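Presented below is the structure to which this report refers.
Just so it is clear, the model here is predicted, and its values are computed rather than measured.
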2 protein chains.
Amino acid sequence: MATIQDVARAAGVSPMTVSNVINDHPHVKSSTRAKVVKAMEELDYRVNHAARNLRAGRTFTIGLAVPEFDRPFWGHFATRVIEEAAAYNLRVLVEQTGRSKENEINALALSRNRMYDGLILSTVGLSAGDANMLRVDYPVVILGERIFSGPVDHVAMDNVDGAKAATAHLIERGCRRIAAVMGPMGTDPDASSLRYAGYLQALETAAIGSDSSLHVTINEFTLKGGREAVDRLLHAGTHFDGLFCATDTVALGALRALHEAKLRVPEDVKVIGFDNLEEGEYSIPALSTVDPDSTDMARTAVKLLVQRISGESPEREPLEFISSVRVIARGSTAAS
Amino acid sequence: MATIQDVARAAGVSPMTVSNVINDHPHVKSSTRAKVVKAMEELDYRVNHAARNLRAGRTFTIGLAVPEFDRPFWGHFATRVIEEAAAYNLRVLVEQTGRSKENEINALALSRNRMYDGLILSTVGLSAGDANMLRVDYPVVILGERIFSGPVDHVAMDNVDGAKAATAHLIERGCRRIAAVMGPMGTDPDASSLRYAGYLQALETAAIGSDSSLHVTINEFTLKGGREAVDRLLHAGTHFDGLFCATDTVALGALRALHEAKLRVPEDVKVIGFDNLEEGEYSIPALSTVDPDSTDMARTAVKLLVQRISGESPEREPLEFISSVRVIARGSTAAS
DNA sequence: TTGTATGCGTTATCAA
DNA sequence: TTGATAACGCATACAA
């Protein structure tokens, strides 16, 4: 592949002049420029980013590390981040961590290695004990709860409040036996434990006792997980008239299982999810949900990252942004 | 950020020795190694990939450029590619082209610039006229129809055959007025035009005349697009008892619109999509579809790319791999 | 077993 | 207006 040297030789000028042409520097005679351009075309020259980045010390690229691609939530979110980053002329490269601590650390290292100018990292595998991994001196924005002490900006959604509002909505629509489908409870305040806390708070506010048989734990927030949760409830003979699912994807799986069990939604059971996926608008029945305003989260994450990258307010204390949430009522919780 | 030089100085050795330690070279005395490791830890040293790549001439990273993240199909596909690439110790960076020719060319350029060792590129914006863009001398695998003449491997699915089988399935289940929801027909053989061709072939085989009022064109393969297509059919008063949708996502949107119009699926209208998304297994009713075996496509794409990267069979003619398709019958086309 | 010299492709600086 | 030099950080070849 042709280099600047090759072009320079072909055009009979110095490499520096070629560089000046490439970068649109002002003081190049137009006849010289023409020669160089011609040589570039003939040799089909392309800049080598590795070399340019090495020289520039930055890459004009940010990384986005998400747990899983094939969850609609992350697909949507990545699209939003790309849109926001485009406004700053930043390219976004997305990678998958598969929820593993190792891969999350790898993503951090890549950033550190100046492959990216900064990184937006969704932490699932990392726990409070790994906080020192985040004591880094390059731009990072964490997506997730503030479980780290390092000088790192966080962007999160109000999980407790959202779950509380969702549960209160079910109660308001007449439910009294509300099952909660959540992930395993860890020691760190992850989405599951926070949403479960919000659920319990809402029950308490309404003076409805909690019942551990209504708490179903699944290992993955998938369609399959949602189906299995309902199957387990039914198999155990647990009576429930409301279902709060950790995510919309789980809720969509639950809708299917309820349908197969000949339980009507919303007449027999009312269902609400969390995330406001577009898919929920189209399901049958349409899915009530909690909108975490992921557009706002994406915009803020990029904005905070750009601030760190550009060195504005370098002294700024680590910031935590919590996007506001609101319940969106659809058919799955309609009055019956 | 600390460099090899800094570590060398701190450890009282030469930079080369540090490099040897980093890369696990054999001939390093263990006491020296210990000193270096200690210095690396104290300075929190991390390799600079830009420099290493510049030196190595490769990056152990491949690019995957997809049209859109927030389509389940591409989310699934990206996940498969990442799994396959992991077997070759290749990292995958995913970027979005937004279906634009410009971004597709950009992705090519990045690859070219040795940011990636190779690129898997889904072409939507590029057309036959841009074939010369693909006359490149670095590893590229195109996802999509063989509309380019360059020395490039292609991985595609059998769109015609899949569409034909889907339509034949509807006919076999008793449909006679089958609507087709497709994208705009371009001059190049894209997914839409190929699937439409397969649809027409199946009608012809069954000696069913085609009716242009049954051909609905939408601009985006989205849930919204599917809903609008059905609304347009109903608004025009077109009678139909079968619906073949360009993608599962479109079909899911159509299911919703049919439900709102009080048309029963499969009793009044039978619906089939294309892609075999997991979502279709869980919709109500479950969605019949065409499975393009995207796992096989991902595996083949990575395999072909790795062959080109490693320089095996460099003389090999450009290959075209067409994954086989099969109809998966579910509730939306159940006999009624 | 360790170190020196060199170059990967680019661009900033400064001199011509 | 153009060019020589040097440096970004790393690793290969070879010397010591």
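Smallest separation of non-hydrogen atoms from A:A301 and A:I120: CB-CD1, 4.0 Å. Contact detail for A:F73 and A:P292: the closest heavy-atom pair is CE1-CG, 4.4 Å. Closest approach of B:T3 to B:Y45, counting heavy atoms only: C-CE1, 3.5 Å. In this structure, A:V13 and A:V18 approach most closely via the heavy-atom pair CG2-CG2, 3.9 Å. Considering every non-hydrogen atom in both B:G144 and B:H154, the closest pair reads O-ND1, 3.5 Å.
Among the atoms of the strands shown, only primed sugar atoms or phosphate atoms (P, OP1, OP2) are found under 4.0 Å from some heavy atom of B:N23.
Atom-to-atom, NZ of A:K35 to P of D:dT1 comes out at 14 Å; the value is rounded to the nearest Å. Atom pair B:I22:CD1 and D:dT12:P shows a separation of 12 Å (rounding to whole Å applied). The distance between atom CG of A:D6 and atom P of C:dC8, rounded to the nearest whole Å, is 10 Å. When the P atom of C:dC14 is taken as reference, atom CG of A:N20 falls 15 Å away, rounded to whole Å. With rounding to whole Å, A:D24 atom CG is found 16 Å from C:dT10 atom C1'. For the pair B:I4 CD1 and C:dT6 P, the interatomic distance rounds to 19 Å; values are reported in whole Å. The separation between B:Q5 atom CD and D:dC8 atom C1' is 10 Å, rounded to whole Å.
Residue A:S19 places at least one side-chain N or O closer than 4.0 Å to OP1 or OP2 of C:dT11. Using a 4.0 Å cut-off, some side-chain N or O of A:T17 falls inside it from OP1 or OP2 of D:dG3.
The listed nucleotides are C:dT1, C:dT11, C:dA5; the one nearest the side chain of A:R52 is C:dT11. Of the listed nucleotides (D:dA4, D:dT1, C:dG9), D:dT1 has the atom at the smallest distance from the side chain of A:H27. Nearest to the side-chain atoms of A:R55 among the listed nucleotides C:dT1, C:dT11, D:dC10 stands C:dT11. Of the listed nucleotides (C:dT2, C:dT13, C:dG3), C:dT2 has the atom at the smallest distance from the side chain of B:T32. Relative to the side chain of A:H25, the nucleotides D:dC10, C:dG9, C:dA12 differ in distance, and C:dA12 lies closest. For A:M16, taking side-chain heavy atoms from C-beta onward, the closest of the listed nucleotides C:dT10, D:dT1, D:dA4 is D:dA4.
Formation of a donor-acceptor pair under 3.5 Å by the B:Q96 side chain with backbone atoms of B:F69 is found in this model.
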Q: Let me have DNA chain D in dot-bracket notation, would you? Count Watson-Crick plus G-U wobble pairs, both distances under 3.5 Å, and use [ ] for pairs crossing earlier ones and | for inter-strand partners.
A: ||||||||||||||||
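In this structure, B:K38 pairs ionically with B:E42, as a charged nitrogen and a carboxylate oxygen lie closer than 4.0 Å.
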